[in-house]
Amino acid sequence: MRPAVSQKAQGEKGFVVLDHLIKGVTVVDGSGGPAFIADVGIRDGRIAVIGEVTEPARTTEDASGLVLAPGFVDPHTHYDAQLFWDPYATPSLNHGVTTVAGGNCGFTLAPLNPARPEDADYTRRMMSKVEGMSLVALEEGAPWSWSSFGEYLDALEGRIAVNAGFMVGHCALRRYVMGPDAVGGQPSPEQLEEMLALLHDAMESGAWGLSTTQSSTHSDGDGKPVASRHAKPAELLALSQAVGDHEGTQIEAIVAGCLDQFSDDEIDLFVEMSAAAGRPLNWNVLTIDAAVPERVPRQLAASERARKAGGRIVALTMPILTPMNMSLGTFCALNLIPGWGEVLGLPVPERIAKLRDPVVRREMLRRADSKEAGVFRRLADFGRYVIGDTYSEENEGLTGRVVRDIAAERGQEPFECIIEICANDGMRTVLWPMPTDNDPDSWSLRQETWRHEDVMLGGSDAGAHLDRMCGAPYTTRFIGDCLRGRKLTTLEQAVKMLTDDPARLFGLRERGRIVEGFHADLVLFDPDRIDAGKATLVHDLPGDSPRLDSKAIGITAVWVNGVEAIRGDVVSGAVPGKVLRSGRDTRTVSTK
């Protein structure tokens, strides 16, 4: 329903009317304080007045019984490319997200060396492999008209519906300076100086800081470890120190231990990087599972040590269990289990033959259940998988069924059963693993962990892994769970964790709360209905490529910088978002 047009759109002479007035709404302001009922007026993109408002407005709406919260801030997305063909950052905007942080994990689309046009193709293939983006969409949906990081930001300016800030990726810096030698090579002193100059230039243009990865799961389009994985500590510390020379910047980093438990060397590296920059460092993602009780204290030991060394390390963790589908036919998390990539990367006929070999299966299962598999061990319980889409007559009627039940009927082991089902479909079968950490003890551990001062909600990966997972709706699903489900925290605290906490970590200026004078990034929702719909596959990317989408439930409207961007889960067509640049739009967050 559209807001009603006010009967009195003109005030007395010289009086500036409000652009929009939300009447009688329950305000949850992001501070964590108690909710209160008030009128909220918007003018010139800002929250103009809160209280009992009598001044005229061009439009008004009665919001009795609804909740008004600050727009949600998603601290870990990969919308770097999608914003060019989808300025609304769907489905995040639908679920109340008004600000996104991009350029994470060491991967950005800029800078690109103009002397090597082939670097754009390398970058597209890398993003397709490592972040699960459609290669066709990357090729057809973005202009690739930039060289410098500032030119990339300028290409987005004035054409997006959400606010967006971006780290600059270490891989792009290395590739620009070192070319193909970025993979496997070490920079000369001159090349390191050039890399530092590029980083300084990016931050002067508005980059939020540096992102980098040392994760063993990150490989480029050629299957080789991405460029930043070859960097030694001295290079990482030099780049980190450069971050500290600019206002409103920070670091985002990933190492192999992020998937399970940090090594001593990884903790040392994180601590030294944050201390060298004098800036917060956030990492993704803290997996909380009561079956591995030692993981959380080990991972948060990095935060405790950083504080003593003059740094700050913040762990991102998701407040929901995000379903992720799997396939034996295309690249997915199963490929990242040690030893599995070699088998799953074979041509389909050879892959099927290998998987049907009992000796090969036993070895694969052994490695999947080993300590080296880390967090991927949870994927090895194949009896808990649910069969998704199928494509052959032999598999008719299996969709929605649990593998354990099918295997028992056939007298097979679950993994053997899955292989036969997938082989019937030419390896196209969609598989949905049921989560192993959906137990009361794990949820209790999450509730406890969220209270830690260096734990923040986030890690959606929105914009990435498009046909495998849909993390963007974590905001609405989490609030719905707090109101009508597990109720692990209050509505006021839930909103604070989705708004003010990430806004303060990034030093966002005048965002993250409902305060007079702040930017009018707002989400209006029905507390009795707010939730996220089931993830469904849609074909709306450039080149008709597929992605998972999820409808927002109970979201009445979303405003970005005072302009209505969503009404009833439908985009308005307006593009009021801002490219948020460090220094201008962010202030320095002290690590002290």
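Among the candidates Val73, Asn282, Leu316, Leu286, the single residue satisfying the side-chain contact (heavy atoms from CB on, under 4.5 Å) test with Met456 is Leu316. Shown are Arg587, Arg584, Arg509, Arg279; of these, the salt bridge (Lys or Arg N to Asp or Glu O under 4.0 Å) with Glu247 is made only by Arg509.
Residue pairs satisfying the ring-ring contact (aromatic ring centres under 6.0 Å, His included) criterion with at least one member in residues 105-128, sequence neighbours excluded, are listed as follows: Phe107-His218. Contacts classified as side-chain hydrogen bond (donor to acceptor under 3.5 Å, both in side chains) and involving residues 314-334 (residues at least two apart or in different chains) are given here: Asn325-Arg468, Thr330-Arg468. Among residues at least two apart or in separate chains, ring-ring contact (aromatic ring centres under 6.0 Å, His included) pairs with a member in residues 156-196 are Tyr152-Phe166. Sequence neighbours left out, the pairs with a member in residues 230-269 that pass ring-ring contact (aromatic ring centres under 6.0 Å, His included) are His200-His246, Phe262-Phe270, Phe262-Trp283. Listed by first and then second residue, the side-chain hydrogen bond (donor to acceptor under 3.5 Å, both in side chains) pairs involving residues 132-150 are Ser134-Ser545 (not counting sequence neighbours).
Heavy atoms of other residues, nucleotides or ligands lying less than 6.0 angstrom from CD of Gln241 number 12 at most. Within 6.0 Å of atom NZ in Lys129, more than 12 heavy atoms from other residues, nucleotides or ligands are found, so the atom counts as buried in its surroundings.
Salt bridge status for Asp389 with Arg428: absent, with no side-chain N to carboxylate O gap under 4.0 Å.
Interatomic distance, Ile566 CD1 to Asn94 CG, rounded to the nearest 0.5 Å: 4.0 Å. Taking CG of Leu466 as the start and CG of Leu537 as the end, the distance is 10.5 Å to the nearest 0.5 Å. Between atom CD1 of residue Ile320 and atom OG1 of residue Thr476 there is a gap of 8.0 Å, rounded to the nearest 0.5 Å. Note that the CG atom of Asp585 and the OG1 atom of Thr99 stand 10.0 Å from one another [nearest 0.5 Å].
Applying the ring-ring contact (aromatic ring centres under 6.0 Å, His included) criterion to Trp432, with sequence neighbours excluded, gives no partner residue. For Tyr88, there are no ring-ring contact (aromatic ring centres under 6.0 Å, His included) partners two or more places apart in sequence or in a different chain. Every residue meeting the side-chain contact (heavy atoms from CB on, under 4.5 Å) condition with Glu157, not counting sequence neighbours, appears here in chain and number order: Val579, Arg581. Residues satisfying the side-chain contact (heavy atoms from CB on, under 4.5 Å) test with Thr287, not counting sequence neighbours, are Val285, Arg295, Val375, Arg378. Asp264 is linked by a salt bridge (Lys or Arg N to Asp or Glu O under 4.0 Å) to Arg298, counting only residues two or more places apart in sequence or in another chain. Among residues two or more places apart in sequence or in another chain, the side-chain contact (heavy atoms from CB on, under 4.5 Å) test is passed with Leu334 by Met326, Leu328, Cys332, Ile337, Trp340, Leu344, Leu379, Phe382, Tyr385. For the side-chain contact (heavy atoms from CB on, under 4.5 Å) test, residues two or more places apart in sequence or in another chain that qualify with Ser219 are Arg229.
Remark: the His95 side chain and the Thr475 side chain contain no N/O donor-acceptor pair separated by less than 3.5 Å. Looking only at atom types and distance, the side chain of Thr536 has no donor-acceptor partner in the side chain of Asp549 under 3.5 Å away. Remark: the Asp74 side chain and the Ser92 side chain contain no N/O donor-acceptor pair separated by less than 3.5 Å. A donor atom on one side chain and an acceptor atom on the other are found under 3.5 Å apart for Ser215 and Thr217. Counting only N and O atoms by type, the side chains of Asn104 and Asn284 include no donor and acceptor under 3.5 Å apart.
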Worked verdict on Thr90 versus Arg547 for side chain to side chain donor-acceptor pair (under 3.5 Å): CA-CA 11 Å; Thr90 61; Arg547 67 166 178 150; 2.9 Å; yes

Salt bridge (Lys or Arg N to Asp or Glu O under 4.0 Å) between Arg125 and Asp220, worked out: CA-CA 7 Å; Arg125 290 188 299 108; Asp220 66 12; over 6 Å; no

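Considering only heavy atoms from C-beta on, Val589 stays 4.5 Å or farther from Leu505 through its side chain.
In terms of modelled atom types and a separation under 3.5 Å, the side chain of Thr108 and the main chain of Gly169 share a donor-acceptor contact.
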